[in-house]
Amino acid sequence: MPYIWLTKTEGENTIYPTNLPKLLHTMVTHANGNTAFILDGLEYLILENGFESVMKFLSSARDYMITKGSILITFVGEKTLDDHQLAVLKRELKELEII
C-alpha cells in the first residue's frame, strides 16, 4: 500500500480522520522491517480527534513500529502546537531536525 489518504470522502486507500483504530490497524498489518510510514497531516488528526487522542494513537503506533522493525515519521510545525503539547510530543517521539 503506497499511501493512505486521511479524508472524509470515501474511496480507495482512504481512512476517515477520526477512525484512528482503523489507521493503526492498517499500519500494523502492513509494517515489516522494510517499512517506513510518513504521517503528514498531524494537525488535521489533532483537529478532528483532539491532542490527547492523537498522542495515544502515536504512542501505540510507535510501540508497534518498534516491535515490527518499522519506522514512523511525522511532521509538525512548531507554531502548530502550544508549548506543552510540543513538549509532550517531543517526549514521546525522537525529534529529527530538518535543515
Side-chain angles (χ1 to χ4, degrees):
M1 176 174 292
Y3 71 93
I4 299 167
W5 183 21
L6 301 172
T7 180
K8 294 179 180 178
T9 304
E10 289 192 29
E12 188 176 343
N13 294 336
T14 65
I15 294 180
Y16 205 80
T18 57
N19 197 343
L20 296 177
K22 182 177 180 181
L23 178 58
L24 182 61
H25 175 76
T26 302
M27 292 170 66
V28 170
T29 57
H30 288 89
N32 62 49
N34 297 318
T35 309
F37 293 94
I38 300 172
L39 178 59
D40 188 19
L42 187 64
E43 298 88 352
Y44 183 48
L45 286 180
I46 292 170
L47 177 67
E48 293 292 329
N49 298 282
F51 181 76
E52 288 184 23
S53 294
V54 172
M55 284 308 305
K56 289 176 185 177
F57 161 78
L58 287 174
S59 180
S60 294
R62 179 206 58 216
D63 292 347
Y64 279 113
M65 295 307 107
I66 289 170
T67 63
K68 297 274 192 166
S70 298
I71 61 171
L72 171 64
I73 301 168
T74 189
F75 303 94
V76 65
E78 289 192 23
K79 303 284 185 201
T80 304
L81 304 174
D82 65 35
D83 291 340
H84 173 73
Q85 292 171 330
L86 191 57
V88 170
L89 183 66
K90 287 180 178 182
R91 188 171 54 241
E92 289 295 316
L93 302 176
K94 181 179 178 182
E95 180 179 12
L96 302 174
E97 292 189 33
I98 299 176
I99 300 174

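Positions are given from 1, in the same order as the sequence printed here.
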Student: Before you tell me yes or no, could you show the steps for Leu39 and Leu45 under side chain to side chain contact (heavy atoms under 4.5 Å, CB included), namely the whole-Å CA-CA distance, both residues' side-chain angles and the distance that decides it to 0.1 Å?
Tutor: CA-CA 10 Å; Leu39 178 59; Leu45 286 180; 4.0 Å; yes
Student: What heavy-atom pair brings Leu72 and Arg62 nearest, and what distance separates the two atoms?
Tutor: CD2-N, 4.5 Å
Student: Rounded to the nearest 0.5 Å, what separates atom CG in Asp63 from atom CD in Glu92?
Tutor: 8.0 Å
Student: To the closest 0.5 Å, what do you measure between CZ (Phe37) and CD1 (Ile71)?
Tutor: 10.0 Å
Student: Does Leu89 share a hydrophobic cluster with Ile66, counting links as ILVMFWY side-chain heavy atoms below 4.5 Å and allowing steps through other members?
Tutor: no
Student: Kindly give the heavy-atom pair with the smallest separation between Gly33 and Ser70, and that separation in Å.
Tutor: N-OG, 4.4 Å
Student: So, do Asn49 and Phe57 sit near enough that their side-chain heavy atoms are less than 4.5 Å apart?
Tutor: no
Student: Mind checking the OG1-CG spacing from Thr18 to Leu23? Nearest 0.5 Å is all I need.
Tutor: 11.0 Å
Student: For residues Thr35 and Asn32, is any side-chain donor paired with an opposing acceptor at under 3.5 Å?
Tutor: yes
Student: For residues 4-12, which side-chain N or O atoms pair as donor and acceptor with protein atoms under 3.5 Å away, sequence neighbours left out?
Tutor:
{"residue": "Thr7", "atom": "OG1", "partner": "Thr9", "partner atom": "N", "Å": "3.1"}
{"residue": "Lys8", "atom": "NZ", "partner": "Glu48", "partner atom": "OE1", "Å": "3.3"}
{"residue": "Lys8", "atom": "NZ", "partner": "Glu48", "partner atom": "OE2", "Å": "3.1"}

Student: CG/Leu86 to CG/Leu81 distance, rounded to the nearest 0.5 angstrom?
Tutor: 6.0 Å
Student: Between atom CE of Met55 and atom CG of Leu42, what is the distance when rounded to the nearest 0.5 Å?
Tutor: 8.5 Å
Student: Could you tell me the separation between the CD1 atom of Ile15 and the NE2 atom of His25, rounded to the nearest 0.5 Å?
Tutor: 9.5 Å
Student: Are Tyr16 and Val54 connected into the same hydrophobic cluster when the rule is that any two of I, L, V, M, F, W, Y join if their side-chain heavy atoms are below 4.5 Å apart?
Tutor: no
